[in-house]
Amino acid sequence: MRLVILQNSATVGEWSAKYVMKRINDFKPRPEKYFVLGLPTGSTPLAMYKKLIEYHKAGRISFKYVKTFNMDEYVGLPRDHPESYHYYMWNEFFKHIDIDPENVHILDGNASDLVAECTNFEAKIKEAGGVELFIGGIGPDGHIAFNEPGSSLTSRTRVKTLAQDTLEANARFFNNDITKVLTSALTVGVGTVMDAKEVMILITGAHKSFALYKAIEEGVNHMWTVSAFQLHPATLFICDEDATLELRVKTVKYFKALSAVHSKMIEQ
Amino acid sequence: MLSQSVKLIEPSQRLIKFKNCRILRDHRIFREDLWVRNGKIINPERVFFDEKRQAHLQIDCHNAIISPGFIDLQINGGYGVDFSFDVNTVESGVAKVSKGLLAHGVTSFCPTLVTSPIETYHQVLPKIKRKAGGKHGATILGVHVEGPFISIEKKGAHPENCIRTFENGFETFENVYGDIENISIVTLAPEKPRVPEVITELARRGIVVSVGHSMADLMHGETAVKHGATLITHLFNAMMPFHHRDPGLVGLLASNEIPEGKTVYFGIITDGIHTHNAALRIAYRTHPSGLIIVTDAISAMGLEEGTHRIGQYTIEVRDHKAFIAGTNTLCGSIAPMDECVRIFKAATNCPLEFALEAASLHPAKCLEISDRKGTLNYGADADFILMDDNLVIHSTWIAGECVFESESHALPPVVSQWFEDDD
C-alpha cells in the first residue's frame with residue numbers, strides 16, 4: 001500500500017488527476033487496447049474531475065479509447081434527478097470530455113430486472129478485460145461504493161439496502177426529509193473492486209480521519225469494508241492533512257518521508 | 001473523407017454541438033453546450049445515455065453568448081418597404097424585410113399593418129401567411145393589425161378617414177379585415193363601443209388583443225384585460241399620459257384588478273427617441289415581467305442616410321433618425337431590434353439576461369408560443385443568435401441553420417468537425 005499525504009482537497013484532486021492522466025497516457029490506449037477505468041461519485045473526487053477536464057481541454061489527455069465503469073447508483077431515482085449518479089457523471093465529467101458514450105457503463109437503478117443488471121455489469125467488466133485502475137472514495141463509516149459495514153469482503157455487484165447512517169447523511173440532498181431518501185442502491189462489490197489491477201482511494205477531511213485509521217492501521221474487518229484493500233497488491237490511498245488526524249505520528253511521518261517517491265509517480 | 005462522412009448522415013439526423021459558449025436559459029447566462037438536431041434544441045444527456053451517440057459536428061463559438069432569436073411584434077416595414085402602402089407587392093415586400101431582419105438577430109416577427117381602407121385589408125391580409133423562417137428570412141408569426149378600431153384623438157400617423165367602430169360587434173371585425181386567418185395581434189382602443197364582446201371572441205379564437213391608440217382611462221383598460229386583452233401597444237405612445245388621479249392605460253402596469261396568474265404585456269419602443277430613458281426605467285422597474293421590446297420600425301429602417309421617396313412621403317434619414325423631408329418632424333422609428341436591445345440595456349442598466357429576454361422570451365410568452373420560440377429550452381426551435389458581450393451580433397440561426405453571418409463582426413473561422421456515425 002502507498003499513502004500519499006497532501007495539503008488539502010484541491011491538491012488531492014490535482015495529484016489524483018495527474019496520476020490518472022499519466023496512467024492512461026503511459027498505457028497508450030488505442031482501438032485494440034482500451035484503458036478500463038473504475039469511477040466514483042461524491043464530493044471528494046470533484047476536484048479530480050475538474051482537473052481532468054482541464055487537462056483534456058488543454059489537449060494533454062484523451063478519453064477516446066477509455067472505458068469506464070461507475071461504482072454505484074440509487075435504485076428508483078430518475079436519471080435526471082440532481083442526486084442521481086448518471087446526472088453527476090454527465091454534468092461533472094462526461095459532457096466535457098471526448099469519451100464515446102458506448103464506452104460508459106453506469107448501473108441502471110431503474111432497470112426492470114435489477115439482479116440481471118448487476119450480473120450484466122460484472123460480465124461487461126470481464127469482457128472489457130477487467131479494470132486497470134479503480135478509483136474510489138469512502139464514507140465516514142469506512143464504506144467503499146455502497147458496501148456498507150458488514151458487507152462481505154468477497155461481495156460482487158448487487159442490490160444493497162443502505163445503512164441508517166447513509167440515509168441520514170443523504171437526507172440533506174432530499175430536503176432533509178429522511179422518508180424521501182432512497183433506501184437501496186446497486187453497487188459493485190468489495191470483490192469487484194479487489195479484482196482491479198490497481199485501486200486508488202481518495203480521502204479528504206477530518207470527518208473521514210477515523211475511517212482512514214480503521215482502513216490502514218487496524219486489521220481487515222468487514223465492518224470497515226475499505227480495510228479489505230490491505231490485501232490488494234496495488235492500493236494507493238490519497239489523503240489530505242485533515243484526514244490523517246487519527247493516524248499515528250509514526251505512520252504519517254513514514255509516508256511523508258516517501259514524498260519524493262510519490263512525486264515521481266506523477267511525473268510526465 | 002470529411003465530406004464523404006457528412007453525406008452518410010441524413011441531414012435531419014445530424015447532431016450539432018455548439019461548444020465554448022454561454023447560453024441564456026431560465027433567466028441565466030451560463031457556460032453550457034447547445035445541442036441541435038432536426039431544427040430543434042435537444043437534451044444531450046439523453047443522446048449520451050439513451051442513444052449513445054456523439055455530435056457529428058462541433059462548432060466552436062469562441063466564447064460567444066447564445067441568446068434565443070429576437071421576436072418583433074410590431075414592425076411596419078423596412079428597407080424601403082411599407083407593408084400597409086405597397087399593397088400590390090406585399091409578398092415580395094414582406095420577403096425583403098424578413099430577409100433583412102436576419103442581420104439584426106430577428107428570427108420571428110409580426111408584420112404590422114396600420115389603419116388602412118377595407119380594400120387594403122382584403123387585398124393584403126390573405127397574402128401575408130404565417131411562414132417558417134430560414135435562409136430566405138425570419139419566421140412570420142402572423143400579422144399585427146394596428147387599427148382601424150382606434151381612437152381618432154390618438155390616431156398618431158394613422159389616416160383618420162379609415163378609423164372605425166364595431167357597429168355590429170365581431171361581425172364588423174370580420175367584414176373589415178376579410179380573411180382573419182393570418183391575424184395574430186389586433187391593436188384596438190378599449191373605450192370604443194362593443195369592444196368587450198369583441199375581445200371575448202378574439203381571445204376565444206387565440207388572437208392577441210392589444211390596447212392602444214386610445215383615450216382610455218384605467219377602468220377601460222382593466223375591463224379589456226378582464227375580457228381577454230393581454231398586451232398594450234407601444235406604451236406611453238398614442239395613449240393618455242400618466243396622471244396620478246387618472247393613470248390611463250399606463251396604470252395597467254400597476255393595476256390590482258388583473259386576474260390572478262395573468263400577465264399584462266406591453267410593447268415599448270426603445271429606439272432612444274420615442275420613449276424617454278426615464279420612461280423606459282419607470283416601465284422596467286414597475287412591471288419588468290411584462291416588458292416587450294418592439295421596434296415599431298417604418299420603411300426607412302435599413303436605408304442609408306439621405307432622402308428617400310417612400311409611398312406618398314419623402315423621408316430624410318439623418319443622425320439615425322427619420323424625418324419628413326425638409327422638416328424636423330420625426331416620422332417613425334428606424335432603429336433595428338439589436339440596437340433597440342442595446343439602447344434599452346444602456347438606458348435601464350438592466351441585466352443582460354433581462355434585455356435579451358425582453359426581446360425573445362417575453363414576446364413569445366405573450367403569443368403563447370414559448371414552448372417553441374423565445375427560449376433555448378429542450379424541444380424549442382433552434383432559432384438563436386451568437387453575439388459578443390456588447391450585444392454585437394456574430395451570426396443568426398434558424399432551425400439550426402446559419403441564416404446570417406456578420407462580415408464585420410465575424411467570429412474566428414468556425415472550427416467544426418464532422419464525426420462519422422458508427423451505425
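In what follows, every chain begins at residue 1, and chains take the letters A, B, ... in the order their sequences are listed.
Proximity to chain B (any heavy atom under 4.5 Å) is restricted, for A:Ile106, to the side chain, taken from C-beta onward. If you measure heavy-atom distances from A:His96 to chain B, you find no contacts under 4.5 Å at all. Heavy atoms closer than 4.5 Å to chain B are found nowhere in A:Asn103, neither backbone nor side chain.
Atom CD of B:Glu51 sits in a crowded spot, with more than 12 heavy atoms from other residues, nucleotides or ligands closer than 6.0 Å. Within a 6.0 Å sphere centred on CZ of B:Arg130, other residues, nucleotides and ligands contribute more than 12 heavy atoms. Heavy atoms of other residues, nucleotides or ligands lying less than 6.0 angstrom from CD of A:Gln7 number 12 at most. Annotation for A:Asn175: atom CG does not count as buried by contact number, only 12 or fewer foreign heavy atoms lying within 6.0 Å.
Take B:Glu32 and apply the salt bridge (charged side-chain N to carboxylate O under 4.0 Å, His left out) test, not counting sequence neighbours, and it matches A:Lys95. In terms of the salt bridge (charged side-chain N to carboxylate O under 4.0 Å, His left out) criterion, A:Lys124 has no residue partners (sequence neighbours excluded).
Inter-residue side-chain proximity for B:Asp50 and A:Arg79 is flagged as met; some heavy-atom pair is nearer than 4.5 Å.
Judged as a salt bridge (Lys or Arg N to Asp or Glu O under 4.0 Å), the pairs with a partner in residues 30-50 of chain A (not counting sequence neighbours) are, in order, A:Arg30-A:Glu32.
Of all heavy-atom pairs spanning B:Lys52 and A:Asp100, the tightest one is O-OD1, 4.5 Å.
Scanning residues 369-379 of chain B against chain A with a 4.5 Å heavy-atom cutoff picks out nothing at all.
Atom NZ of residue B:Lys19 and atom NZ of residue A:Lys57 lie 8.5 Å apart, to the nearest 0.5 angstrom.
Note on ring orientation: taking the six-membered ring where Trp is involved, the planes of A:Phe94 and B:Phe48 are parallel (angle under 30°, cut-offs 30° and 60°).
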